[in-house]
Colleague: 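Handing you a structure now.
Chain naming here is simple, since letters A, B, ... match the order of the sequence lines and numbering starts at 1 in each.
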Protein chains: 2
Amino acid sequence: MKTVLLLMMFSVSFSLFADEEWRTPKPEDMVYLELESGTVVIELAPFMAPEHVKQFKNLVREGFYDGLDFYRVIDGFVAQAGDFSEKKASKHKSSLNAELDRNMVMASDFNVVQSPEFIAPETGYIQSFAAGRDLKSKKEWLLHCYGAVAMARDNDINSGTTDFYIAIGQAPRHLDRNMSTFGRVISGMQHVQAVKRGNKDKGGVIDEVSARSKILSAKVASDLIAEKRLEIQVQKDTSQAFNKRLQSARKLENEFFHFKGNGNLDVCYYQTKVQLNN
Amino acid sequence: MKTVLLLMMFSVSFSLFADEEWRTPKPEDMVYLELESGTVVIELAPFMAPEHVKQFKNLVREGFYDGLDFYRVIDGFVAQAGDFSEKKASKHKSSLNAELDRNMVMASDFNVVQSPEFIAPETGYIQSFAAGRDLKSKKEWLLHCYGAVAMARDNDINSGTTDFYIAIGQAPRHLDRNMSTFGRVISGMQHVQAVKRGNKDKGGVIDEVSARSKILSAKVASDLIAEKRLEIQVQKDTSQAFNKRLQSARKLENEFFHFKGNGNLDVCYYQTKVQLNN
């Protein structure tokens, strides 16, 4: 009774495919957020939002986020962090032009899973990030799945500066192509889930600074000495193991499943795995 | 910059509609789980899974869950609780016949939102629970949205007894019509999110009993004296306020939205609100 329900999430990864199944994110594309409950690892997506990634890394390296907090947190929606006072000085606070999507490239690395999909014309993965695509407009973008990291902004689409949020519940897909998504949490979502929630009637804002969960520090992984870096690997969406899992999920082959579904897959549910070796 | 992103989640509920907007769940249909971090309120769904509700309430009243724990917890998927040892005695451990769906009733209270939908033929709400429907087979069922509560089981579809799980991430919709969903968390999901995670490589099981998050106690609300009961109200999915929100969400009318979407709604994202007055 205890073993079966979760089986489909953890199919064994055969060592035969090990070479092609995993990739190691570049240390310069990872940010470690040290929260009170543990380390959160964000993989950045410079292929989709290069200017947001650049500014975010500059802010991290400046120490901008160190000591700041999660000031707006709504269970099931987002945890938003940064400088609620808007007073903290920085050399890297310029308003960013939105990076909502990118033009399809000739040799696209978009791995189609659903066509058509419910919210986007097509969904799939780009470099293990859940993504959407529109063949008509020839655009590709990242989805607001669980763990997505995007820049907060005002009504002006080009008003993001420093504050960011992490999606912590059911994917808010209406934010796809509306917000500049520049990364995703690849490890430590349980620590994001541990941050204190705000009052929904106040839009999730936590007024008391002392009641907010802190960002102790933020670091770009490549700035750390080797011993302080995590050994982390991301499953490739193009790997045989991952595609086998998708195939099995389409048919719900396991005898555990009585109802076999309609073959459609929600790419926000089937995210690629991550291995942490230390 | 701080105010806009979350606006759409918290449209003001006009007092004009107050009478018809909210319903108070029956105390006999609510279970309070006292966890280490706070109170979780489950609303039961006897209209969908009467025998599961009956057995669950019997177990709660017997004190079966008191002192037991969340022994299998996978971030982004489920938190499963009960008796991992399978040794705790109970008068209410009989195997339950699956209650995966119900026959459509003549005067159905199914409020259609999406037809067709991506995973189910139609989705909408029944008594504020996100639900699916199939007009061909004339069946209706509850969806595995964030906060759904269902009975764990073995491969045998009729093998659920005592242990249950709560969905804590992106809706695992492949479990719809495969598991007997008998309730949903209407308050305190942040406390469920605070439970300790297991190791994914071990299917989420936490071997060390001392490392598991405990259920301090479980009570049926109607068994508590009035002062110990929570004043809790659930927004009706048939209310003007909720339907206005859905309508607005379909068009993404707010000027915050640059990209207006395709009009489709994920009912697992747009759940009805809950008010807690004490």
Colleague: Does NZ belonging to A:Lys202 count more than 12 external heavy atoms closer than 6.0 Å?
Modeller: no
Colleague: With chain A, which of B:Val195, B:Ile168, B:Leu252, B:Asp156 has the greatest number of heavy-atom pairs at distances under 4.5 Å?
Modeller: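 If we count pairs closer than 4.5 Å to chain A, B:Leu252 comes out on top.
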Colleague: Tell me, side chain or backbone of B:Gln271 under 4.5 Å from chain A's heavy atoms, or both, or neither?
Modeller: neither
Colleague: State plainly whether the residues A:Arg177 and A:Asp101 are in salt-bridge range, i.e. N to O under 4.0 Å.
Modeller: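 A salt bridge links A:Arg177 with A:Asp101.
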Colleague: Any ion pair linking A:Arg212 and A:Asp69 (charged N to carboxylate O, less than 4.0 Å)?
Modeller: yes
Colleague: So what's closer than 4.5 Å to chain A heavy atoms on B:Leu265: side chain, backbone, both or neither?
Modeller: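 When you check distances to chain A, only backbone atoms of B:Leu265 fall under 4.5 Å.
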Colleague: Against chain B, label A:Ile157 side chain, backbone, both or neither, depending on which of its atoms sit under 4.5 Å from a heavy atom there.
Modeller: side chain
Colleague: Tell me whether B:Gln233 contacts the main-chain N or O of B:Gln275 through its side chain, where contact means a donor paired with an acceptor under 3.5 Å.
Modeller: no
Colleague: What residue, out of A:Met189, A:Arg173, A:Lys196, has the most heavy-atom pairs lying under 4.5 Å from chain B?
Modeller: A:Met189
Colleague: Counting N and O atoms only, with roles assigned by atom type, does the side chain of A:Arg72 sit under 3.5 Å from a partner on the main chain of A:Gly203, one being a donor and the other an acceptor?
Modeller: yes
Colleague: Is it the backbone or the side chain of B:Pro116 that comes under 4.5 Å from a heavy atom of chain A, or both, or neither?
Modeller: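 Just the backbone, heavy atoms under 4.5 Å.
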Colleague: If the condition is salt bridge (Lys or Arg N to Asp or Glu O under 4.0 Å), which residues does B:Asp266 pass it with, not counting sequence neighbours?
Modeller: none
Colleague: Using a cut-off of under 4.5 Å on heavy-atom pairs, state which of A:Pro172, A:Gly261, A:Ala194, A:Gly169 scores highest against chain B.
Modeller: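 Highest number of pairs under 4.5 Å: A:Pro172.
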